Amino acid sequence: MKSTTFSLFTIALAVLCNTGLQADESWVVDSTESWKQATKSKKNIEIKNGVAVPTKPEASFKSTVKSYNEKKSANSIIFSQTSLWENWKEVPKVGPKDVNDAPVLVTVKDKDYWFLARHDKKDEATGKAIPGYHAWHSTDMENWTHYGPVTDHRSRWVTTAEYVDGAFYIYYDYPNDEDPHVFVDRDLTDGKLGEDMGMVFYDPSHGSDCAMIRDDDGQFHIIYENWSHIDAKHHSWDSPVAGHAVSPDGLSKFEILDYAVDDRTTPTGKFATFNHPFNPEIMRYEIHEPTQNAYGDWTALKVGQQYYLFCDYHPANDEIRIGRWTSDSLNNQFTWCGELGNGHPDPTIAFAEGQFYLIQQRAKTDFISPGPWVDGVEARVGVDTSGNGKTNQWTDWQVVEESYSQKEGFTRIVETAPAQIDLTTLPAGYGFQIEYRTQGVADQTALPKINAFTLSFQ
């Protein structure tokens with residue numbers, strides 16, 4: 001029996017090792033060193049920090065021939081770009097007219113879009129502002145139907161929303177900027193308020209203006225302003241730190257985790273206070289030097305395996321605008337991507353009609369993007385069928401680009417189909433060669449920055 005067990009173990013280990021060896025034989029270029037080793041020629045491209053960065057819209061790269069001792073059959077090649085998401089286009093205002101304050105855009109599914117915001121019109125009978133946030137619906141992001149209030153005067157500052165199993169979770173701060181509360185509403189068309197669940201997360205730092213994102217595993221992650229490290233009153237009610245907490249249902253049992261964003265300067269060990277107009281409690285914070293950048297009014301989205309945060313960005317010595325952050329995990333701190341626009345944005349982001357909408361409050365413009373992938377890339381793959389180290393057959397040039405689709409049942413997750421070329425019709429060979437080129441695209445200022453390619457075999 002012992003001998004049989006040992007033999008089975010040996011066979012299983014051999015299979016696993018063989019599988020691992022086959023996987024390792026993929027040709028992967030994803031670092032500065034591997035880019036240098038793979039480069040035969042390039043035009044208008046610089047290799048920086050493991051990324052092939054074009055210096056002009058028209059650029060090209062040609063690899064050496066990667067040779068093997070035995071013939072191989074190629075399966076596919078996949079290209080990936082940096083996660084900076086730089087290709088945004090400023091456009092006239094998106095959404096319904098007569099809206100005010102920070103909007104929230106919610107995609108339930110394709111052709112099913114909801115816009116939550118304060119109504120800009122006054123009640124004709126009383127002449128007073130219509131209380132709370134209202135709901136508008138669209139099937140094309142152009143024509144909107146108004147369905148009336150979804151919160152009341154007490155819940156006048158909605159920060160984010162999720163949609164789960166037929167119910168909208170509409171999160172609001174009470175008082176302003178603090179302690180997320182939630183309405184759960186299964187019908188935004190009936191003109192009636194949903195169930196007010198009250199406070200769902202007590203933030204000991206007093207900040208909120210949160211984003212909520214329900215991840216693939218169903219967990220609710222809240223990203224919120226943490227006011228423990230800045231005089232938020234004099235920094236647009238924003239902070240250098242974003243808190244992070246997680247809940248199994250978005251309604252209770254929030255566990256506070258490590259900061260999602262931490263851009264603090266040096267702490268002095270000294271403390272001071274500031275007042276909030278809607279809360280009589282004195283706010284205490286630790287003084288940092290030099291003056292800090294501040295971020296807040298968060299909104300979140302997951303694209304493929306990459307997470308993105310957009311926010312108010314108030315630089316230490318400049319005017320407020322949109323800031324961008326990214327991470328490959330909600331368990332890691334986010335890194336800075338860049339900025340957009342100007343003015344106090346209170347942004348919201350969602351995927352709709354095949355593109356991404358980044359909408360601001362009270363600004364004259366919004367932003368749209370086809371996605372993090374920057375267009376304008378074509379590629380081809382060659383094969384050495386004779387074993388002499390020279391390519392003697394190429395595929396046709398093909399456009400390579402990612403594509404995106406809303407994940408079913410999730411509001412803030414967008415699935416990605418990779419930028420790849422099917423190589424199964426390419427004959428087997430002893431070596432393979434890669435070539436790609438980029439060109440300018442109308443109304444696109446960002447350039448395609450390729451951070452990796454992977455050639456896999458059958």
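This is a predicted model, so every value here is computed, not measured.
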Check: S236 side chain, D238 main-chain N or O, donor-acceptor pair, under 3.5 Å: no
Could you list the residues that satisfy side chain to side chain contact (heavy atoms under 4.5 Å, CB included) with P418, not counting sequence neighbours? I78, Q420
Side chains of E289 and T266: donor-acceptor distance under 3.5 Å anywhere? no
Could you list all the side-chain hydrogen bond (donor to acceptor under 3.5 Å, both in side chains) pairs where at least one residue sits in residues 440-449, not counting sequence neighbours? E86-K449
Test your reading of the model: is there a side-chain donor-acceptor pair from D173 to the backbone of D209, 3.5 Å cut-off? yes
Quick one: list whatever passes side chain to side chain contact (heavy atoms under 4.5 Å, CB included) with K364, sequence neighbours left out. none
Backbone of E286 reached by a side-chain donor or acceptor of H288 within 3.5 Å: yes
With a 4.0 Å cut-off, would you call K407 and D216 a salt bridge? yes
Residues S41, F61; criterion side chain to side chain contact (heavy atoms under 4.5 Å, CB included); working and verdict: CA-CA 6 Å; S41 63; F61 170 88; over 6 Å; no
Which residues pass the side chain to side chain donor-acceptor pair (under 3.5 Å) test with H137, not counting sequence neighbours? D112
So, the side chain of H276 versus the backbone of N176: is there a donor-acceptor pair under 3.5 Å, distance only? yes
Partner residues of D185 under the side chain to side chain donor-acceptor pair (under 3.5 Å) criterion, sequence neighbours left out: none
For H221 and H244, what are the C-alpha separation, side-chain angles and deciding distance, and is it a side-chain hydrogen bond (donor to acceptor under 3.5 Å, both in side chains)? CA-CA 7 Å; H221 292 260; H244 176 201; 2.9 Å; yes
Applying side-chain hydrogen bond (donor to acceptor under 3.5 Å, both in side chains) to E353 and Y113, what does each step give before you reach the verdict? CA-CA 10 Å; E353 295 300 287; Y113 316 121; 2.6 Å; yes
Could you please spell out the steps behind the side-chain hydrogen bond (donor to acceptor under 3.5 Å, both in side chains) verdict for W85 and S369? CA-CA 9 Å; W85 202 345; S369 172; 2.9 Å; yes
If every non-hydrogen atom of V99 is compared with every non-hydrogen atom of A117, which pair is closest and at what distance? CB-CB, 3.9 Å
Per the salt bridge (charged side-chain N to carboxylate O under 4.0 Å, His left out) rule, what does the pair list look like for residues 312-330, sequence neighbours excluded? D318-R321, R321-E339
Pair listing, salt bridge (charged side-chain N to carboxylate O under 4.0 Å, His left out) test, anchored in residues 42-60, at least two apart: E46-K48
Atom pair CD1 (I322) and SG (C311), whose distance is rounded to the nearest 0.5 Å: 9.0 Å
side-chain hydrogen bond (donor to acceptor under 3.5 Å, both in side chains) evaluation trace for Y133 with D101: CA-CA 9 Å; Y133 266 57; D101 267 352; 5.2 Å; no
Side-chain donor/acceptor of E195 to backbone N/O of V182, under 3.5 Å: no
I'd like to know if the side chain of R214 reaches the main chain of D249, judged simply by a donor and an acceptor atom lying under 3.5 Å from each other, with no hydrogens or angles considered. no
Say whether Y259 and H229, considering side chains only, have a donor N or O and an acceptor N or O under 3.5 Å apart. yes
Apply side chain to side chain donor-acceptor pair (under 3.5 Å) to H235 and list each qualifying residue two or more places apart in sequence or on a separate chain. none
Quick one about S26 and S456 (side-chain donor to acceptor, distance below 3.5 Å, no hydrogens or angles considered), yes or no? no
Does a donor on one side chain and an acceptor on the other come within less than 3.5 Å for N293 and H314? no
For a quick check under 3.5 Å, do E178 and S208 share a side-chain donor-acceptor pair by atom type? no
With E402, which residues qualify under side chain to side chain contact (heavy atoms under 4.5 Å, CB included), at least two apart? W373, Y404, T416, A419
Please name all residues satisfying side chain to side chain donor-acceptor pair (under 3.5 Å) with S34, sequence neighbours left out, ordered by chain then number. S31
Out of curiosity, T151 OG1 to D196 CG, how far, rounded to the nearest 0.5 Å? 9.5 Å
Backbone of D110 reached by a side-chain donor or acceptor of Q406 within 3.5 Å: no
Are side-chain N/O atoms of S205 and D203 paired as donor and acceptor at under 3.5 Å? yes
Do the charged groups of K111 and D140 touch, with an N to O distance under 4.0 Å? no
Residue set satisfying side chain to side chain contact (heavy atoms under 4.5 Å, CB included) with S403, at least two apart, ordered chain then number -> A417
Donor-acceptor pair between D177 and Y174 side chains, under 3.5 angstrom: no
Residue pair F356 / W88: nearest heavy atoms and the distance that separates them: O-CZ3, 4.0 Å
Is T411 reaching over with its side chain to a backbone N or O of V108, donor-acceptor style, under 3.5 angstrom? no
Side chains of N451 and S80: is there a donor and an acceptor less than 3.5 Å apart? yes
Stepwise, does the side chain to side chain contact (heavy atoms under 4.5 Å, CB included) test hold for T64 with T39? CA-CA 6 Å; T64 58; T39 301; over 6 Å; no
Go through the side-chain N and O atoms of W325 and T335 and say whether any donor and acceptor fall under 3.5 Å apart. no
Mind jotting down which residue pairs meet the salt bridge (charged side-chain N to carboxylate O under 4.0 Å, His left out) criterion with at least one end in residues 264-275? Sequence neighbours excluded, please. D262-R264
